[in-house]
Amino acid sequence: MPSMPSIRQRLTTLRTVVLCSLLLIIGSGCEPQPSVQQQQFLALGTLIDLSLYGADKQQTEEAVKKISVRMEQIHHDWHAWQAGKLSQLNQQLQAGQTVELSDEQRALIASGIQLAAQSEQRFNPAAGKLIGLWGFHSDERPADPPPSEQAIKNFLQHAPSMAQLTLTGNTLSSSNPQLQLDVGGYAKGYAVDEAIRILREMGIDNAIVNAGGDLRAIGDKHGQAWRIGIRHPRKPGVIASIEVSGDESVFTSGDYERYFEYHGQRYHHIIDPQRGHPARGVSSVTIIHTDATTADAAATALFIAGVHDWPRIAKQMQIDHAMLIDESGIIHMTPKMQARVHFEDGLPHEVNVSP
Ligand code: ADP
Ligand code: MG
């Protein structure tokens with residue numbers, strides 16, 4: 001799990017507060033809605049905002065308790081660099097052992113293998129060593145220079161990918177000792193899916209689980225869809241809004257979420273495993289999809305796929321709602337996304353709709 005570091009935590013919290021207030025401003029209209037229970041708590045190193053409709057105070061408190069316990073567990077079990085279940089698994093794989101997985105480990109790794117294959121390994125949770133090389137396996141913002149070209153070349157020569165894992169039943173082995181799992185690209189999505197599962201088990205069918213601006217919404221609010229703000233990647237405030245109801249997740253990956261600067265150059269945390277460097281050309285990608293795990297992975301994958309390859313990768317990942325904002329501010333969308341997006345900043349936008 002991406003232990004979201006303290007500095008990042010502060011940034012994310014700030015971002016969430018902004019997004020949550022935008023969400024409220026956009027979503028609540030003018031009339032107060034007395035049956036909306038909203039609670040915020042810290043988990044996964046970010047601010048979790050829970051909005052429940054039709055639940056009473058007691059149920060809401062119970063939901064907060066159950067979800068925070070579950071998220072705490074996910075955070076610990078999937079942490080990318082602190083000692084825990086994942087670091088132990090990585091050590092065993094690197095030692096060439098065949099490892100017996102828990103059902104949860106098998107399920108999340110199996111979906112990682114599938115999502116990576118669909119993305120042609122752009123989404124590559126096996127690239128933990130590369131993410132570590134760039135300094136993102138740390139609670140603090142990396143202060144060091146970027147890794148040497150030689151270190152990156154070494155990584156690229158070994159080219160760890162999810163295709164080098166063999167998963168048979170609950171046993172896992174790796175044919176590449178350089179393979180190191182880092183599930184930071186989809187663990188938040190998984191945690192949000194788990195939160196929704198818990199809510200449904202409790203009989204709560206109308207809710208939003210918002211984790212640092214990425215969310216899954218089920219049901220609706222008194223028959224009304226919610227309007228979700230999508231953050232402008234280069235300015236404070238929202239660029240667009242989307243109406244969400246039924247069962248949909250909205251996840252965004254942006255180059256502004258976690259980065260460091262060295263000699264005036266910005267290096268962000270979404271790394272292109274084929275080049276070994278932070279992915280170029282894109283500012284943010286927003287995905288709408290039913291399950292949050294897939295939406296989270298796809299946002300990362302399409303960010304790396306970039307302006308030319310994203311439509312093919314989206315299709316392979318069975319994503320039909322995607323919006324990519326490139327470095328020059330041009331907006332690229334699938335036709336279904338275009339039908340859902342309302343620009344909120346009052347400015348003209350150059351929009352490319354994919355065929
Ligand atoms: P956020 O979690 O900030 O919303 P993302 O979902 O895009 O952002 O995930 C970024 C995280 O994913 C990084 O911090 C890193 O742990 C991991 N990551 C970076 N590059 C890749 C990649 N090519 N494939 C899979 N995971 C990646
Ligand atoms: Mg992601």
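Both counts, for ligands and for their atoms, begin at 1 and track the order of listing. Positions are given from 1, in the same order as the sequence printed here.
Residue Arg122 approaches ligand 1 through these ligand atoms, each under 4.0 Å from one of its heavy atoms: 22 (C), 23 (N), 24 (N). Each of the following atoms of ligand 1 lies closer than 4.0 Å to a heavy atom of Lys188: 4 (O). Every atom of ligand 1 is numbered from 1 in the order shown, and the set under 4.0 Å from a heavy atom of Ile304 is 22 (C), 23 (N). Taking a cut-off of under 4.0 Å to the non-hydrogen atoms of Pro273, the atoms of ligand 1 that pass are 23 (N). Residue contact check: Asp214 has heavy atoms under 4.0 Å from atoms 4 (O) of ligand 1.
When the side chains of ILVMFWY residues are joined at heavy-atom separations under 4.5 Å, either directly or via intervening members, Val282 and Ile330 end up in two distinct hydrophobic clusters. Hydrophobic cluster membership differs between Val69 and Val64, with clusters built from Ile, Leu, Val, Met, Phe, Trp and Tyr side chains linked at under 4.5 angstrom.
Ranked by closest heavy atom to atom 25 (C) of ligand 1, the top entry among Leu130, Val183, Asn124, Asp182 is Asn124.
Both the backbone and the side chain of His269 come within 4.0 Å of ligand 1, counting heavy atoms alone. Under 4.0 angstrom from ligand 1, there are no non-hydrogen atoms of Arg258.
In this structure, a donor-acceptor pair under 3.5 Å is absent between the side chains of Tyr53 and Gln224.
In this structure, Ser249 contributes its side chain and Arg216 its backbone to no donor-acceptor pair below 3.5 Å. Side-chain N or O atoms of Ser174 include none that pairs as donor or acceptor with a backbone N or O of Leu93 at under 3.5 Å. Proximity of a side-chain donor or acceptor of Asn206 to a complementary backbone N or O of Lys221 within less than 3.5 Å is not detected.
Polar contact with ligand 1: absent for Phe123 (N/O pair, distance under 3.5 Å). By the 3.5 Å distance cut-off applied to N or O atoms, Gly185 is counted among the residues near ligand 1. Taking distance alone, with nitrogen or oxygen atoms compared against 3.5 Å, Glu257 approaches ligand 1 more closely than that limit.
Taking the six-membered ring wherever Trp is involved, the centroid distance between the rings of Tyr267 and Tyr259 does not fall below 6.0 Å. Checked against the 6.0 Å centroid criterion, the rings of His268 and Phe303 qualify as a close aromatic pair.
The angle subtended at the Mg ion (ligand 2) by OG1 of Thr300 and OD1 of Asp296 is 170°, given to the nearest 10°.
Here the CG-NZ distance, from Leu52 to Lys57, works out to 13.0 Å after rounding to the nearest 0.5 Å.
For Phe251, every N, O or S atom stays at 2.8 Å or more from the Mg ion (ligand 2).
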